[in-house]
Amino acid sequence: MKKSPLPLQNLGAKDKRRKCGRDALVKLLRWNFGHPDFRGNQLEAIEAILSGRDCFCLMPTGGGKSMCYQIPALAKTGIVLVISPLIALMENQVMALKEKGIAAEFLSSTQTSQLRNKIHEDLDRGQPSIRLLYVTPELIATSGFMSKLKKIHGRGLLNLIAVDEAHCISSWGHDFRPSYRKLSSLRNQLQDVPILALTATAVPKVQKDVIDSLNLQNPLVLKSSFNRPNIYYEVRYKDLMDDAYADLCDVLKSAGDVCAIVYCLERTTCDDLSTYLSKNGISCAAYHAGLNNKLRSSVLDDWICSKIQVVVATVAFGMGIDRKDVRIVCHFNIPKSMEAFYQESGRAGRDQLPSRSLLYYGVDDRKRMEFILSIAESKKLQSSDSEHGLSKKSTSDFNLMVEYCEGFGCRRKKILESFGEEVSASLCKKSCDACKHPNLVAKYLEELTTAIAVRQRNGFSKILSSSTDAFENENFSEFWNRNDEASGSEEDISDSEDGFEVAKGISRSKFSKKTGINEKIELLQRAEENYYRNKAHDKQANRPDKNAISGALRESSKQRLLDALKHAHQRLGDLKVDFEASSTILENECFKKYGKSGKSFYYSQVASKVRWLSTTSSAAEITNQIGTGIKSPLENITRKEEPSPQTVSTILHDERKKEVNKVIGEQHCGDIESKTSVKASTPQMQTKLPAIPSFSQFVNSRKSKEMQQPKASEEKEHHHSPNKHTKKRMRLQ
Ligand SMILES: Nc1ncnc2c1ncn2[C@@H]1O[C@H](COP(=O)(O)OP(=O)(O)OP(=O)(O)O)[C@@H](O)[C@H]1O
Ligand SMILES: [Mg+2]
């Protein structure tokens with residue numbers, strides 16, 4: 001329904017540079033959009049544009065960037081040209097504006113020629129009715145359309161060029177689209193039209209690139225914090241759970257019938273997961289570029305009008321899609337960069353109400369992404385894009401994402417710092433899992449380290465690298481760009497030069513298409529079980545005890561202790577101990593006490609030490625208990641000749657290496673003990689170690705822990721089943 005015009009809507013050409021007062025602009029906002037007032041930097045951006053100034057506007061996802069060009073379109077007679085990367089996005093916005101009675105159109109090859117002609121006729125009129133015209137960057141690059149724009153401009157009717165998702169212009173941005181580069185000619189072709197660049201994800205380098213590429217003149221640069229205080233950030237570890245599908249299903253069910261987006265890397269995962277969730281009573285559908293246009297639009301429509309609540313999609317879904325009440329955004333596979341993650345997770349809670357970002361992290365997902373990126377890098381190195389530094393960038397971007405998942409500490413801080421923001425310690429207010437449940441997260445990370453070590457030892461990488469071939473080229477082409485949205489239009493987004501080629505190159509499938517992550521994990525587990533079965537078999541054939549503690553297991557325990565020490569160091573501040581030496585000593589103590597009792601007792605003792613390191617709240621406690629003996633090796637090692645501290649640490653390191661080398665391949669537990677060269681270093685150290693319980697103390701303490709179950713409820717609320725994790729962990733051992 002058309003609304004009656006407001007006074008500001010029909011300012012004559014002479015009034016074009018006239019400043020609109022704040023009150024008048026607020027009136028427009030209320031009248032047309034029903035919002036009581038401007039948010040953040042909206043008003044400043046609008047005023048700058050209306051005064052004819054270029055503007056670079058950085059606002060978080062869902063911050064209300066569109067308003068910065070929609071209000072100017074209503075404040076002046078004439079046209080605001082909006083350049084947008086996706087047809088779905090344009091359609092969505094145009095539809096929403098039309099519903100509000102605002103004359104908006106988009107031009108794309110998906111329209112009938114009749115409709116396009118109608119739009120062109122309107123643009124040719126002395127007084128076009130269209131206020132907002134959405135186009136793709138490809139259309140801008142055509143000479144026909146540019147000459148039309150020049151004519152409109154010549155008639156004094158082109159008020160503003162808004163470049164939405166402006167980070168796409170920069171090869172440093174995560175969504176680089178070569179077609180956006182074509183926009184650099186705009187400034188020269190349409191000289192005095194103000195340009196507004198809008199983005200949610202520009203790191204400083206990208207910002208500069210955007211400003212330079214669009215040739216913005218003395219732009220007003222408006223930046224808001226990237227912080228999304230209403231989003232709770234959480235990571236779940238696939239390697240520590242039995243069934244990630246079931247876990248996600250539980251999460252969605254326990255959240256109620258809420259609106260959610262689940263992002264997957266591959267189309268087959270979207271299909272499988274969507275089927276699984278549907279079978280389990282969740283109203284959902286898959287969305288990816290492998291579906292035809294009609295089906296995709298119907299999924300989108302159904303989701304937007306709440307007919308379905310959950311969309312399981314590739315990254316083809318969502319850029320700029322505005323459903324305000326998305327309560328959960330889940331990444332079922334690790335995204336390729338922090339920028340991508342931020343933008344996608346930012347689709348949650350656009351209504352500012354509490355929402356969740358949930359990332360399922362799996363080590364094989366990580367490896368897979370590393371593999372994809374490495375292929376991409378080698379391709380880029382051969383192409384001209386290498387001059388933009390894409391190759392190194394994608395790896396370092398991804399590493400930030402890995403650190404987000406595998407590192408200890410506030411997730412929110414990690415996100416914000418990756419965008420160059422300084423973050424105070426109090427900012428998060430326990431609105432991420434690492435701040436809310438630090439001990440639990442520390443425990444998961446520590447378990448993850450073990451799981452990785454064990455899996456690596458069992459040929460994990462080999463299995464994985466062959467499974468990486470399982471990609472089919474259509475399966476994830478939208479990972480690279482979202483050109484599928486353009487549906488084959490040469491005037492729309494058609495730059496597929498990177499991803500598709502890469503995908504083609506790695507498309508020889510050895511695994512069945514249906515081989516999902518869970519199957520691969522199963523495979524790895526079976527390999528692991530076989531490994532131990534073979535060991536047992538070896539024993540019957542006059543070889544070591546099944547309970548024998550292998551050198552690799554000892555090495556993995558040391559690694560766990562080492563990591564726990566490092567995490568404790570990160571968490572508590574300066575730990576003045578030699579981490580390597582301390583972990584060797586701690587492990588050796590466990591081995592000496594429990595080596596003969598068997599693997600599980602030895603391992604439990606290691607775990608209890610790790611837990612102590614992960615949960616103790618004072619650095620002094622750790623330094624007192626283990627540090628005093630180690631921080632200054634000179635003081636603690638009784639030797640005839642006292643070497644320099646550096647030599648001692650080298651000795652310790654070398655001894656540790658020797659010990660590992662000797663132990664690997666040894667068959668008898670007793671042999672291990674007698675042959676280890678740790679004798680040479682450790683027993684001579686007079687360190688104060690945490691008290692190690694006797695076997696019966698240990699068993700009793702376990703019993704009493706089992707009886708103190710209430711604590712587990714906190715964990716249960718956070719992660720679906722700690723017992724399952726434990727079960728899995730034990731299996732992985
Ligand atoms: N001043 C305002 N007051 C209240 N709501 C607003 C205001 N401005 C915009 N919004 C609403 O905020 C939501 C997000 O707006 P918009 O789509 O423009 O965000 P965005 O910054 O473009 O996000 P994205 O980066 O995801 O594209 C919309 O539903 C919009 O109606
Ligand atoms: Mg937007």
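Read the numbers this way: they start at 1 and go in the same order the structure lists the ligands and their atoms. In this chain, residues are counted from 1 in sequence order.
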Is any N or O atom of [X], backbone or side chain, closer than 3.5 Å to an N or O atom of ligand 1?
X    : result
G64  : yes
M67  : no
Q343 : no
Q93  : no

Give the atoms of ligand 1, by number and element, whose distance to some non-hydrogen atom of [X] is under 4.0 Å.
X    : result
P60  : 21 (O)
F38  : 1 (N)
K324 : 28 (C), 29 (O), 31 (O)
S66  : 16 (P), 17 (O), 18 (O), 22 (O)
E165 : 27 (O)

Angle between ring planes, [X] versus [Y], binned at 30° and 60°: parallel, tilted or perpendicular?
X    : Y    : value
F332 : Y360 : tilted
F226 : Y342 : perpendicular
F145 : H120 : perpendicular

Which pair of heavy atoms, one from [X] and one from [Y], lies closest together, and at what distance?
X    : Y    : result
I328 : A255 : CD1-CB, 3.8 Å
T61  : R350 : C-NH1, 4.4 Å
Y404 : V235 : CE2-CG2, 3.6 Å

### Query
Does D37 have a heavy atom less than 4.0 Å from any atom of ligand 1?
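Distance cut 4.0 Å: D37 passes for ligand 1.
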### Query
Are any of the heavy atoms in M59 under 4.0 Å away from ligand 1?
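Flag not set, M59 not near ligand 1.
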### Task
Measure from atom 11 (C) of ligand 1 to every heavy atom in R30, K100, H35 and give the option owning the shortest one.
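Minimum heavy-atom distance to atom 11 (C) of ligand 1 goes to H35.
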### Heavy-atom proximity to atom 8 (N) of ligand 1, best of R39, R323, Q42, R350
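Residue with the shortest heavy-atom distance to the ligand atom: Q42.
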### Residue pair I372 / L265, side-chain heavy-atom distance below 4.5 Å
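They are in side-chain contact.
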### Query
Is K205 salt-bridged to D209, going by a charged N under 4.0 Å from an acidic O?
no
### Query
What distance separates L107 CG from E105 CD, expressed to the nearest 0.5 Å?
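The CD atom of E105 is 8.0 Å from CG of L107, to the nearest 0.5 Å.
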